[in-house]
Number of protein chains: 2
Amino acid sequence: MEETEAVAYTITGGSGQYSYSKNSNFQRKAADAAKELINKSIAEKLDADILSSSNTFRLADLGCAAGPNTFVAVQNIIDALEQKFQNQEKISHPPEFQVFFNDHASNDFNHLFTTLPQERRYFAVGVPGSFHGRIFPRASLHFVHSSYAANVFSRLPKEVMDRKSPAWNKGRIHYSNSTDEVVKAYETQYAKDMESFLKTRAEEIVHGGLLALIVPGRPNGTPHSEAFVNRTCEVLGSCLVDVANKGMINNELVDSFNVGTYFASPQEMEAVVKRQGCFSIEIIESVPLERARPKEISSTLRAGMGGTIKEHFGEEILDELFDLFYKKLEENSSFIYDSGNAISLFVLLKRVATE
Amino acid sequence: MEETEAVAYTITGGSGQYSYSKNSNFQRKAADAAKELINKSIAEKLDADILSSSNTFRLADLGCAAGPNTFVAVQNIIDALEQKFQNQEKISHPPEFQVFFNDHASNDFNHLFTTLPQERRYFAVGVPGSFHGRIFPRASLHFVHSSYAANVFSRLPKEVMDRKSPAWNKGRIHYSNSTDEVVKAYETQYAKDMESFLKTRAEEIVHGGLLALIVPGRPNGTPHSEAFVNRTCEVLGSCLVDVANKGMINNELVDSFNVGTYFASPQEMEAVVKRQGCFSIEIIESVPLERARPKEISSTLRAGMGGTIKEHFGEEILDELFDLFYKKLEENSSFIYDSGNAISLFVLLKRVATE
């Protein structure tokens with residue numbers, strides 16, 4: 001069972017109808033909303049003397065997918081960095097930028113590479129592998145960016161798939177509205193993965209380097225079940241149960257399927273950063289999500305999770321499932337949105353000397 | 001016509017019947033033959049104090065294709081480097097290795113990334129783009145390796161495709177046995193490309209860094225028409241003429257098709273390195289090529305050039321062409337081989353301070 005616990009959501013590659021590149025406007029808007037915060041991060045929080053004698057500024061985007069959102073985010077960062085270094089008298093040559101685009105080895109890097117902006121002012125590089133492990137040499141990065149990716153687990157908590165465990169997540173695919181044991185299992189996995197993520201990045205980022213994380217989240221004090229992102233997962237889960245009840249798939253397949261992602265509050269994020277100890281919190285803000293149309297949410301989730309769902313349940317349910325999902329989103333639109341709990345977290349961390 | 005002059009041979013990706021990954025044993029043997037020279041290069045010619053304080057050793061393979069040969073070559077280099085740094089008292093921590101796999105953006109990086117050795121002791125990175133231009137930040141590489149790639153032009157000499165030029169290469173696809181004007185056009189393009197290649201690498205490689213080139217070549221004093229690699233091209237050209245004479249393709253299509261690669265002698269290589277001036281020649285050796293079976297040569301060329309031929313002539317001629325090619329190789333086997341002029345050049349260059 002080891003194999004099935006590992007989480008590696010690979011977005012749908014290429015440029016077809018259900019591809020991530022054609023269905024990632026939702027994430028694009030979240031990145032756009034963070035643009036000013038990125039600019040502020042670089043203008044106010046980056047030490048201009050961070051560059052060593054090599055004069056290369058190394059920047060990474062973790063969980064970049066196959067484009068094009070990553071190109072927009074990276075260009076924005078480069079613009080802000082150029083602005084920053086232009087105004088530095090100490091620097092004789094403008095730095096050169098090397099951008100490391102990272103995602104799972106199964107990501108469609110061919111699409112990413114052939115659609116790179118022609119006029120880019122940086123050297124582009126692809127880094128295959130999970131960011132839950134080490135993927136860069138020690139102290140080799142100056143700025144790390146990750147949007148809508150760091151919320152994904154390295155693996156599913158074992159107990160939620162174990163029939164004999166009190167945390168068995170029967171009939172659900174996520175933790176909100178589930179038993180306390182399931183919630184606990186997800187919380188524990190989140191804390192473990194995020195602490196390990198920070199520890200790993202602390203090895204890769206130079207002292208004074210910055211880590212900017214944008215993740216779907218929930219406001220402080222909001223119960224899991226009231227956050228927009230959880231409600232969306234909840235609706236998807238109920239659609240899978242419907243598909244099972246129609247006899248298209250076995251109910252046990254639903255029981256054994258779990259979405260490996262957690263939506264933290266600013267307080268939870270702060271707690272894990274402080275516990276880990278290698279980063280100072282420079283900025284932490286909740287950024288409201290623009291209201292998305294049901295069609296957009298449905299196609300976004302299909303591009304992001306369609307591959308994983310297909311692998312678990314078979315391709316034949318995809319159209320039915322996402323049609324149903326879209327319809328339920330429409331019917332429940334006010335329930336999903338009107339709580340006002342649709343936010344991204346923007347977190348800017350600085351690598352501080354600890355030893 | 002600008003577009004058609006640019007040369008970007010992209011090997012056939014994936015792992016199918018005609019893929020490079022299944023049909024690159026020929027290049028593999030050339031790399032194997034260079035193994036001892038690589039070991040010697042690192043043991044005797046690499047300055048152990050080349051690493052800056054960052055402790056990351058950066059290594060690139062230019063024209064890496066989709067694997068697996070590049071993994072074998074890189075592992076050999078890593079083994080030799082580990083051996084080297086193990087014996088250095090000055091170094092407190094063993095260095096970490098970052099390996100940059102480079103090829104055209106159209107290369108099958110997806111295949112490369114999903115077939116990376118599991119047990120590698122280096123951080124793997126893919127770099128999309130032509131090595132005829134800058135693809136790395138200034139002074140960021142310590143060792144650059146390139147096998148069977150640097151012989152490929154950045155673009156075809158215009159005049160060989162120009163009906164009005166005395167260098168028009170009518171009825172041929174390469175320069176050997178062609179007119180003096182065509183030979184001259186190829187020689188000029190080679191000198192220009194190689195000088196520019198060295199200038200570009202000189203910017204990217206740290207002072208004291210090494211550049212190891214393995215290219216198909218010809219012995220000093222050997223006429224172009226007598227080198228094994230030229231004879232192979234010659235046979236392929238004659239097969240294209242046969243296919244045209246059968247009426248499957250227009251003769252004009254053959255006239256407008258040229259293979260953008262040149263096979264230099266050690267003397268020519270030395271001359272261009274000295275003229276360029278940023279590198280010292282540490283090793284230059286001719287390495288005899290193992291005799292390959294006609295089937296192997298045919299499938300190797302199909303994996304390497306099939307895509308380009310398909311683009312120019314259409315897919316329908318591929319089977320016919322390479323069957324014919326294979327048969328002619330068998331018939332002319334002694335002519336192709338028995339000259340004894342089947343060699344690779346191994347060249348080790350060191351980046352020297354020039355300014």
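Lettering follows sequence order; numbering is per chain, from 1.
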**Item:** F97(B) versus chain A, the contacting section by heavy-atom distance below 4.5 Å
**Value:** neither
**Request:** Just give me the residue among A139(B), A105(B), G13(B), P137(B) that pairs up with chain A most often, heavy atom to heavy atom, under 4.5 Å.
**Result:** P137(B)
**Message:** Quick check for you: to the nearest 0.5 Å, what is the distance between F113(B) atom CZ and N110(A) atom CG?
**Reply:** 9.0 Å
**Message:** Does any part of the side chain of R134(A), heavy atoms only, come nearer than 4.5 Å to the side chain of F123(B), both counted from C-beta?
**Reply:** yes
**Prompt:** Tell me, side chain or backbone of R58(A) under 4.5 Å from chain B's heavy atoms, or both, or neither?
**Reply:** side chain
**Request:** Give a yes or no on whether K192(B) atom NZ has more than 12 heavy-atom contacts from other residues, nucleotides or ligands under 6.0 Å away.
**Result:** no
**Request:** Sort F136(A) into side chain, backbone, both or neither according to what part of it lies under 4.5 angstrom from a heavy atom of chain B.
**Result:** both
**Request:** Could you tell me whether a side-chain N or O of E96(A) sits under 3.5 Å from a main-chain N or O of R138(B), the two making a donor and an acceptor?
**Result:** yes
**Complete:** All heavy atoms of A124(B) vs all of P128(A), minimum pair found to be O-CD, 3.4 Å
**Message:** Taking NZ in K310(B) as the centre, count heavy atoms belonging to other residues, nucleotides or ligands within less than 6.0 Å. Is the count above 12?
**Reply:** no
**Complete:** Of the listed L116(B), V206(B), L112(B), D108(B), the one with the largest count of heavy-atom pairs under 4.5 Å with chain A is D108(B)
**Request:** Under the ring pair (Phe, Tyr, Trp, His ring centres under 6.0 Å) rule, what do F109(A) and F109(B) come out as? Steps first, then yes or no, please.
**Result:** CA-CA 6 Å; F109(A) 280 98; F109(B) 280 98; 8.5 Å; no
